[in-house]
2 protein chains.
Amino acid sequence: MLPGYALRCRMNVLPPCLNSIKSEAPAAVRCEACPAPWMHCSVRKFQKGQYPFSQGDAQGYVYRVQSGGLTLFLSLANGRRQVVDFAFPGDLVGLGSHRQFQFTAQAITRTELRCIPRDELRLQSLKDARIASMLYETAAFQLEEAYDHILTAGQRGSEGKLAAFLLAMSRRNVHHGDDPAVVHLPMLRTDIADYLGLTAETVSRTFTNFKAQGLIKIVDQRHVRLIEPRSLVRLANAIAASG
Amino acid sequence: MLPGYALRCRMNVLPPCLNSIKSEAPAAVRCEACPAPWMHCSVRKFQKGQYPFSQGDAQGYVYRVQSGGLTLFLSLANGRRQVVDFAFPGDLVGLGSHRQFQFTAQAITRTELRCIPRDELRLQSLKDARIASMLYETAAFQLEEAYDHILTAGQRGSEGKLAAFLLAMSRRNVHHGDDPAVVHLPMLRTDIADYLGLTAETVSRTFTNFKAQGLIKIVDQRHVRLIEPRSLVRLANAIAASG
DNA sequence: CGGGCCGATTGATCTGGATCAAGACGGACG
DNA sequence: CGTCCGTCTTGATCCAGATCAATCGGCCCG
């Protein structure tokens, strides 16, 4: 119950003023469809492995992932990490009413972040019910995902965890154009492990296991084709079951 | 990512109209301090073990726990349960924009629930930014707790999990009057186990273990005195550490 | 083309917690 | 006061996954 983990929200529940923000747009954009004020935005670029922000940093902006991706994690006293989420293009990171980031973000690959002034957004949300409702819906959406994550993390069984993870990633991830059955996994095996509460070795073994069972096909280290999604669903739901 | 887990929120971030709802108040209360409309509320009573609502039930009300407590859990295909949260007096259960409950509630003891019409609350939130902001704050608060739970569930080590749980309960639980170091644990060991992703046996053994280490004192089966909260914090933070 | 590096995979062993099994406690009720 | 039943605790065994260790593989860079 540390105060104020920052929120991440999805683009598709944002007002047009934020949806319309493009890399090519001028730094200050005006939204005609909603009463949000001018948003003065800049874009920052990060190399793979860099930390856009860390636990405890003052939180002046809400970030929108333009390209690349982020791993969001909590550091523990003994050096362990708990990955709480990943963020991909279109996702917003840093909503919430607190002054400091409660987790650290690390760039998975070269990543561009658009910086949205946090105070302006918050100010407007207090004035306009539509914006506040949007934020509420967004937080509720996040909460659903978090419960799903709790379910996954609490599940015994590496197979159930990894199956749930693959299915979740296939739902939210942008598939690489042509084939919707191919899931893109840009993050490290270590990150997947810390997300699921496993070790990298177990993640690797379970991938191999799935491959041997014919459930997936490993295109390359960053792409997996789901051959038997039905079976994966069964594994994800009937966790650590006998059958 | 099943749509719409219901939300539970804390009393202290609710508008006065909801805060002022008491068991003794008339069923319909008028809030003068905020524009929320008349709320026609009834009170329902449940015996220990009963299910106020189940996964998939139509969600007509937001419930406020008046007395007693609830275990909120997801049922899995193989009969396992994942407890996602507990609700105690003052907590609200069932916020969110979806039409069905996504989890089941079970009364821990004899429990009274005040039923707040969900549609009215939602309608008002769309009109009034203050209410919507309140809902947002509430959801954000819930999300913090959920991240905390993810952290706990993802932690290796029964000691770290149980220590984190005891500390969390001591923070949110109403202490029994006199002694703030005594934590009330009204739920079954099984519920604690399903909350933490352990078995009831392991929970029991870990309690015994803590007792033997002098970290806690077991007053009775439902009350635990924290003797060395510092050590518990260390266990909760430096999870599964060597020391 | 060849070396160095980091991450992924695979192998071998160990252990914490699950599981199976039995007993102890305690409240409800006659 | 004693029986019953559900819960909690304790004990013994087993196994999934952690850990330790080695190899493999791709990628960058010279």
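All chains are named by letter (A, B, ...) in the order of the sequence lines, taking the proteins before the strands, and each is independently numbered beginning at 1. Just the heavy atoms: all of them, side chains too, but no hydrogens, waters or symmetry mates, feed the values below.
One interatomic measurement links the two molecules: CD of Glu201(B) to C1' of dA22(C), which rounds to 12 Å at whole-angstrom precision. Counting to the nearest Å, the C1' atom of dT10(C) and the CZ atom of Phe210(A) are 18 Å from each other. Separating the CG atom of Leu162(A) from the C1' atom of dG17(D) is a distance of 14 Å, rounded to the nearest angstrom. Rounded to an integer number of Å, the gap from NZ of Lys161(A) to C1' of dG17(D) is 10 Å. Atom CG of Asp191(A) is separated from atom C1' of dA8(C) by 13 Å (rounded to the nearest Å). Between the P atom of dC14(D) and the CZ atom of Arg156(A) lies a distance of 22 Å, rounded to the nearest Å. Rounded to whole angstrom, the span from the CG atom of Leu185(A) across to the P atom of dG7(C) amounts to 17 Å. For Asp220(A) and dG25(D), the CG to P distance is 15 Å, given to the nearest whole Å.
When distances run from any side-chain atom of Arg222(A) to the nucleotides dA21(C), dA8(C), dA12(C), the shortest one goes to dA8(C). Closest approach to the Leu188(A) side chain among dT19(D), dC8(D), dG7(C) is made by dG7(C) (side chain taken as heavy atoms from C-beta onward). Ranking dT10(D), dG17(C), dT19(D) by closeness to the Thr202(B) side chain, first place goes to dG17(C). Listed nucleotides dA21(C), dT19(D), dC8(D) differ in distance to Ser204(B); the shortest reach to its side chain belongs to dC8(D). In this structure, the nucleotide among dT19(C), dT9(D), dC8(D) sitting nearest to the side chain of Thr208(B) is dT9(D). Among the nucleotides dA18(D), dC8(D), dA18(C), the one closest to any side-chain atom of Leu198(A) is dA18(D). Set against dA18(D), dT19(C), dC8(D), the side chain of Thr190(B) has dC8(D) as its closest nucleotide.
Residue Gly49(A) is classed as having no contact, given no heavy-atom separation below 4.0 Å to the nucleic acid. Ser158(A) comes within contact range of the sugar-phosphate backbone alone, with a heavy-atom separation under 4.0 Å but no base atom that close.
A side chain to side chain contact (heavy atoms under 4.5 Å, CB included) with Phe86(A) holds for exactly one of Asp91(A), Asp191(A), Leu185(A), Val65(A); it is Asp191(A).
The base of dG11(C) sits within donor-acceptor range of the side chain of Arg205(A), with an N or O pair under 3.5 Å. Judged by distance alone, with hydrogens and angles left aside, Arg189(A) brings no side-chain donor or acceptor close enough to the base of dT10(C) to form a pair under 3.5 Å.
Comparing Lys211(B) and Lys48(B) against DNA chain D, the residue whose closest nucleotide sits nearer the 5' end is Lys48(B).
The line from OG1 of Thr208(B) to NZ of Lys211(B) is 5.5 Å long, rounded to the nearest 0.5 Å. Distance check, rounded to the nearest 0.5 Å: CD1 of Ile108(B) to CD of Gln106(B) gives 8.5 Å.
The aromatic rings of Phe101(B) and Phe53(B) lie parallel to each other, with less than 30° between the two planes, well short of the 60° mark.
Side-chain nitrogen and oxygen atoms of Thr199(B) include none within less than 4.0 Å of the OP1 or OP2 phosphate oxygen of dG17(C).
Of all the heavy atoms in Val84(B) and His149(B), the pair that sits closest is O-ND1, 3.3 Å.
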